[in-house]
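To start, the structure itself, in structure tokens.
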2 protein chains.
Amino acid sequence: MSLNGTAYLILGMLSIESDRSGYDIRKAVESSVSHFWRESYGQIYPMLKRLAAEGLIIPRQSNSKGRPERQEYSLSAKGRACLQDWLAAPYRDDPPRNEFLLKLFFGRSASPNACVQQVKNFQDKNKSLLSALLGIERWEQANGGGNPHLPYWLLTLSFGIAHLRASIEWSDAALATLESANPTATAGAKKRLKGM
Amino acid sequence: MSLNGTAYLILGMLSIESDRSGYDIRKAVESSVSHFWRESYGQIYPMLKRLAAEGLIIPRQSNSKGRPERQEYSLSAKGRACLQDWLAAPYRDDPPRNEFLLKLFFGRSASPNACVQQVKNFQDKNKSLLSALLGIERWEQANGGGNPHLPYWLLTLSFGIAHLRASIEWSDAALATLESANPTATAGAKKRLKGM
DNA sequence: ACACACATGTAATTGGTTACATGATTTC
DNA sequence: GAAATCATGTAACCAATTACATGTGTGT
């Protein structure tokens, strides 16, 4: 007993679609929730065994002509009940560690330019992730018709999008403060922007 | 060699103020960066030993009359250089796991009301954390005069504040979608609000 | 007397990534 | 024939929390 996030991830993925293998689940994670959850095979495969041993999921050998053997799983009634309990239980929030913010917090101890570079890099990464999520959102809205899970998926997407936008806006303000405190650091870049 | 976040947290904290003990560092973490970083004694004390052994920090016995013995540490030149290297190196971003979003993602497999409850709880928590951070921000702006680290601290604060606001706004929108998809679930609450 | 804050550590457990190891099938 | 993808797993290591264990000083 006493399951962790990995376990519920598996149960949840099987509740969306049955007869998935460990490999399938990993792929599904990467393509649908990777902006807020990741799993490695080193977590997934042992957990599949354990969940099967506890009767929460049901294994089934699949040998579709020629392809490598795969072990597929589906939810048992017990597993579904277990998932529902977890979904109704309060989530635990441990504020996640943020290495970027930690570097910024110690910014005064850094070499003059380092913070500005960090924030610029942060903003770039957020911008490119934002356009990726916006693309997925458009695609899902156009092609996801009839999928009963779609409203929930879109909520997690819009959450990500809202936070990325907040990060990008904050970055602008942060760069302004940093550059006003340390004007020389970016003089070269400013000249280039003005065509000099 | 090969230091982790805990190590740099310690170096950074000692760069802000010297002669701190493990206990001090833990307290400082809780009171200044706890909205994006936490450490337990189980991490701090062994790491202090290790950093001292590698010459990055310098231990000093302190026995101020009567009080329990404490082991204080300060940064060495090597430690300061090491911290600066880290501050200039690109941060690594692994998108943090978010259990709340995972539950929402599987929301379709939950009992009818569960999602709404989760989002309400999420919003409540964010609101109370927001007012806490706003309080800290006001206090720092009023009392932090002359502290050269303050601008950086305020940046991490405004980051938190911006994200909490984004979360709260998103929650409103999310509740609207969830309730329009599942109108009966909150009929009772609505009636009560209208005084019936 | 009791509780609380100060102070330092270790051990057990859990959680998680990465690298290793293997092999089949499909596509170019 | 080579490369990519499908497929499953283990071992070593690193990271982190929690519980345990101990003891002093301060304030009420």
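In this text the structure is predicted, and so the values were computed from the model without any measurement. Every chain is numbered from 1, with letters handed out A, B, ... down the list of sequences.
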Under 4.0 Å: is that the gap between some side-chain N or O of B:Lys49 and OP1 or OP2 of C:dT8?
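For C:dT8, OP1/OP2 do not have a side-chain N/O of B:Lys49 under 4.0 Å.
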Note: A:Asp24-A:Arg26 ion pair, threshold 4.0 Å (strictly below):
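Result for this pair is no, no salt bridge flagged.
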Can you list, by residue number, the residues of [range] that have a non-hydrogen atom closer than 4.0 angstrom to DNA chain D?
range: residues 17-48 of chain B; value: B:Ser40, B:Gly42, B:Gln43
range: residues 3-13 of chain B; value: B:Asn4, B:Thr6
range: residues 84-97 of chain A; value: A:Arg97

Sequence neighbours excluded, every pair satisfying salt bridge (Lys or Arg N to Asp or Glu O under 4.0 Å) that has a member inside residues 53-64 of chain A:
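Counting only pairs at least two positions apart or across chains, the salt bridge (Lys or Arg N to Asp or Glu O under 4.0 Å) contacts touching residues 53-64 of chain A are A:Asp19-A:Arg60, A:Arg50-A:Glu54, A:Arg60-A:Glu72.
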For [X], what residues pass the side chain to side chain donor-acceptor pair (under 3.5 Å) criterion, not counting sequence neighbours?
X: A:Asn143; result: none
X: B:Glu169; result: none
X: A:Gln71; result: A:Gln61

By ring-ring contact (aromatic ring centres under 6.0 Å, His included), which residues pair with [X], not counting sequence neighbours?
X: A:Phe106; value: none
X: B:His149; value: B:Trp153
X: B:Tyr23; value: none
X: B:Tyr45; value: B:Tyr41

DNA chain C: A:Ser2 or B:Glu72, which has the more 5' nearest nucleotide?
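Comparing both residues, the 5'-ward one is B:Glu72.
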Starting from C1' on C:dC6, measure out to CD on B:Glu69 and report it in whole angstrom.
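Rounding to the nearest Å, CD of B:Glu69 and C1' of C:dC6 are 13 Å apart.
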Gap between atoms CG and P, on A:Leu102 and D:dA15 respectively (whole Å):
15 Å
Of all residues at least two apart in sequence or in a different chain, which pass the side-chain contact (heavy atoms from CB on, under 4.5 Å) check with B:Asp93?
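Checked B:Asp93 against side-chain contact (heavy atoms from CB on, under 4.5 Å); matches are A:Lys125, B:Tyr91.
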